[in-house]
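In this chain, residues are counted from 1 in sequence order.
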Amino acid sequence: MEPASFARVAPVNELVGAGPFALSVGGRDLAVLRTPDGWRAFEGRCPHLGALLGEGEIDDGHLVCRNHRWRFDVASGRRAGGPELLASCPIVERDGALFADVSALGDCAGSKPAARKLHELPGPRPLPFLGNLHQLEPQSIHLVLEGWAARYGSVYRFALGRARAVAVSDPRLIDHVLRRRPETFRRPASLDRILAEIGVRGVFNAEGDSWRLQRKLTVAALSQRHLRQVYPHIQTVARRLRTRWRRLALESASFDMVEELKRFTVDVTVLVVFGHDLNTLEREESEIHEHLAVILPALSRRIFALLPTWRLLRSPGDRRFDRSVAAVHSWLSGLLAAARRRAAGGQNARAPASFLDAMARATDENGRAFSDDVILSNLFTLVLAGEDTTANSTAWAIHLLADHPDWGRQIRAEADSQLGDAAAPEDIDAANALTATNAVANEAMRLKPVGPVILLEANVDTQIGDVEIPSGTLVAALSRPAALDDRHFADGRAFRPQRWLESRTADAGGAHDLGAHLPFGSGPRMCPGRALALVEMNTILAMLYKHFDVERMGAAADVAESFGFVMSPAGLRVRLRLRV
């Protein structure tokens with residue numbers, strides 16, 4: 001009989017294959033593996049940026065983190081090429097189940113005693129009832145918060161109405177906060193309510209055990225293994241985009257680059273995840289695309305609104321928002337119903353044709369099928385997140401390249417050399433091998449992060465650094481200030497993609513602190529779409545600069561940072577010319 005310190009982890013019959021399996025005991029995440037020498041259980045979060053190791057893969061005797069590909073020996077836990085060592089804990093199989101003693105992992109809190117109270121922090125002076133909301137213009141909230149960071153320091157207080165808030169721009173403290181989700185910090189309850197009002201109760205705003213369960217649904221859709229299988233879909237959409245842009249180039253027509261890229265990303269997401277060919281690129285009118293363009297900006301306005309006026313009086317904008325939400329839900333419901341019918345008919349039983357088909361067959365830890373509400377919530381989340389974030393990141397890269405044409409030429413030379421006559425990379429390995437293109441993408445995300453503010457809420461009384469944080473305090477993690485700081489990146493405000501190539505060599509020189517570059521967050525809730533986003537960006541940029549000359553209409557100053565759930569380049573219009 002196991003000692004009392006052993007706790008039940010999972011039934012063995014639910015763990016198919018070698019793993020890794022993302023499991024948890026008493027709030028502690030584990031990465032569990034089936035090895036030739038028996039079961040192994042390691043601490044569940046990567047020592048690099050805290051990603052869930054159970055979402056990785058086993059490759060040649062190593063546990064590989066899905067985000068930055070750190071490799072750990074499955075027997076010893078030792079990192080290949082580094083000094084890091086994963087902590088392990090005893091795990092045994094008994095009566096058809098696994099039991100682990102997580103006490104062997106120790107206490108991971110490790111904070112210094114709090115020395116300052118929240119009200120002792122510097123910060124802008126609030127007004128009664130309003131707090132500092134009167135100073136936060138919705139489309140430039142990130143700029144105001146970053147300006148306050150420059151004035152008041154890396155940790156300061158402010159108020160959203162009567163809600164207490166603290167802003168953090170020190171990358172070490174941000175990483176500390178993000179690693180302690182979902183137990184200590186969570187999405188704000190107000191955001192959860194706003195999303196729940198439109199029927200979204202998926203992985204983005206789920207918490208605790210519900211989040212862990214739903215995370216498995218989305219991570220499988222966006223894993224490296226799945227993307228390798230579905231990359232031909234990305235290539236198909238890229239070819240369609242080239243055809244569309246060839247027509248626009250022949251017409252000498254200028255166009256809104258963000259809107260064009262949103263068509264690409266929504267087509268890719270729907271085809272990769274749902275197996276459905278929406279094909280907005282070959283249709284001048286796209287009703288779903290237009291509805292999505294309404295939803296995200298409206299959500300951003302509601303998150304930072306002083307009063308929930310939409311709950312009291314429905315304005316024309318609120319009614320338009322309601323119609324768009326209903327239309328997207330109806331469309332997704334139709335796709336799910338078709339997947340349910342395929343599942344009932346036994347189609348693709350062994351190898352689901354799409355991730356949606358796999359979701360329709362998936363069961364929870366009790367063997368019950370996931371409800372339509374849960375699946376629809378996660379489909380909605382994938383569509384919204386997949387459209388705006390990658391499209392805007394790519395658009396920012398194109399905007400920056402307009403002022404640095406030498407890097408556009410480097411992308412072209414690389415594409416000519418590696419792609420030959422192909423319109424776009426032939427497979428995911430070819431896309432990932434575009435090092436100059438990837439360097440431009442990383443530099444664009446460093447200078448122009450589409451998620452410059454991550455808003456969280458303390459679940460419990462805790463602390464950040466030496467500051468006491470009462471339960472319910474809002475926390476705004478500001479990702480850009482440190483990334484622009486010369487102490488973290490040499491010549492931090494300059495567009496220097498070469499820093500991402502130099503960092504691979506021993507004599508790179510200058511600061512290059514990857515811990516200050518968090519375009520996809522960190523910790524266990526790191527964006528699961530990281531791999532897809534980078535592949536899409538490399539594919540689009542290589543295709544664009546291989547086949548076209550790109551002209552931005554107007555000066556750089558004419559393109560503004562506009563915050564609407566994500567930060568987008570407002571006013572970015574371009575004209576293309578066919579490459580001679």
Side-chain angles (χ1 to χ4, degrees), residues 139-140 142-143 146 245 248-249 252-262 264 389-416 434-452 479-481 483-486 488-503 510-512 517 519 533-534 536-563 566-580:
Q139 292 185 326
S140 60
H142 65 298
L143 295 175
E146 289 174 357
W245 283 353
L248 292 173
S252 296
S254 67
F255 55 85
D256 185 316
M257 177 54 81
V258 174
E259 291 306 309
E260 286 291 303
L261 293 172
K262 284 181 180 179
F264 173 86
T389 51
T390 306
N392 281 293
S393 290
T394 309
W396 279 121
I398 293 167
H399 166 65
L400 293 166
L401 286 167
D403 296 313
H404 299 85
D406 55 322
W407 276 97
R409 289 190 288 271
Q410 287 198 47
I411 291 176
R412 170 176 291 179
E414 181 176 67
D416 284 343
L434 297 168
T435 55
T437 308
N438 191 65
V440 168
N442 270 295
E443 186 70 345
M445 290 187 291
R446 185 185 69 85
L447 293 170
K448 301 290 187 179
V450 295
S479 64
R480 182 160 57 172
L484 301 184
D485 193 322
D486 291 348
H488 297 289
F489 288 98
D491 199 7
R493 293 184 177 273
F495 179 75
R496 289 185 53 212
Q498 63 265 33
R499 74 176 80 246
W500 300 96
L501 303 176
E502 294 168 351
S503 67
H512 190 81
H517 179 59
L534 292 174
E536 286 184 277
M537 290 183 71
N538 280 6
T539 299
I540 296 171
L541 292 172
M543 181 275 290
L544 173 61
Y545 288 90
K546 177 176 172 61
H547 298 288
F548 302 96
D549 292 319
V550 185
E551 177 189 6
R552 183 184 60 210
M553 310 306 294
D558 297 331
V559 178
E561 294 183 0
S562 179
F563 191 79
V566 297
M567 188 183 81
S568 62
L572 178 60
R573 296 189 65 83
V574 303
R575 182 163 52 210
L576 303 181
R577 292 187 299 274
L578 291 174
R579 179 184 174 185
V580 177

Within this structure, what is the [atom1]-[atom2] distance for the pair [X] and [Y], rounded to the nearest 0.5 Å?
X    : Y    : atom1 : atom2 : answer
N438 : I411 : CG    : CD1   : 10.5 Å
W500 : H517 : CH2   : NE2   : 4.0 Å
L434 : L534 : CG    : CG    : 12.0 Å
L541 : I398 : CG    : CD1   : 6.0 Å
S568 : L261 : OG    : CG    : 12.0 Å
R573 : E260 : CZ    : CD    : 9.5 Å

* **Residue pair L576, V550: steps toward the side-chain contact (heavy atoms from CB on, under 4.5 Å) verdict** => CA-CA 5 Å; L576 303 181; V550 185; 3.9 Å; yes

* To do: Under the side-chain contact (heavy atoms from CB on, under 4.5 Å) rule, what do T435 and L501 come out as? Steps first, then yes or no, please.
  => CA-CA 8 Å; T435 55; L501 303 176; 4.1 Å; yes

* Within a strict 4.5 Å, meaning less than it, do heavy atoms of the P569 and K448 side chains meet? ->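 P569 vs K448: side chains apart.
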
* Side chains of V440 and Q410: closer than 4.5 Å at any heavy-atom pair? ->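 Contact flag for V440/Q410 side chains = no.
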
Indicate the atoms forming the closest heavy-atom contact of [X] with [Y], along with that distance.
X    : Y    : result
A542 : A415 : O-CB, 3.9 Å
A441 : N538 : CB-OD1, 4.4 Å
V258 : D256 : N-OD1, 3.0 Å
L401 : G408 : CD2-N, 3.8 Å
G510 : A490 : CA-CB, 4.0 Å

* Set of residues satisfying ring-ring contact (aromatic ring centres under 6.0 Å, His included) with respect to H142, sequence neighbours excluded ->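 For H142 the ring-ring contact (aromatic ring centres under 6.0 Å, His included) partners, ignoring immediate neighbours, are F563.
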
* To do: Using ring-ring contact (aromatic ring centres under 6.0 Å, His included) as the criterion, list what pairs up with Y545, not counting sequence neighbours.
  =>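 Applying ring-ring contact (aromatic ring centres under 6.0 Å, His included) to Y545 gives none.
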
* Just wondering, more than 12 heavy atoms not from Q139 lying within 6.0 Å of its CD? ->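 No, the 6.0 Å shell around CD holds no more than 12 heavy atoms from other groups.
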
What residues form a side-chain contact (heavy atoms from CB on, under 4.5 Å) with [X], not counting sequence neighbours?
X    : answer
A494 : D491, R496
T390 : T265, T394, A533, E536, M537
D485 : R487, H488
D403 : R552, A556

* With sequence neighbours excluded, what pairs up with E259 under the salt bridge (Lys or Arg N to Asp or Glu O under 4.0 Å) test? ->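 Listed in chain order: K262.
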
* salt bridge (Lys or Arg N to Asp or Glu O under 4.0 Å) partners of D416, counting only residues at least two apart ->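 Expected list: K546, R579.
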
What pairs with [X] under side chain to side chain donor-acceptor pair (under 3.5 Å), at least two apart in sequence or on another chain?
X    : answer
T437 : E414
E551 : R575, R577
R446 : E443
R493 : none

* **From CA spacing to verdict: side-chain contact (heavy atoms from CB on, under 4.5 Å), F495, L447** => CA-CA 8 Å; F495 179 75; L447 293 170; 3.8 Å; yes

* Main-chain N/O of A439 paired to N442 side chain as donor or acceptor, under 3.5 Å ->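 No, N442 side chain to A439 backbone: no donor-acceptor pair under 3.5 Å.
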
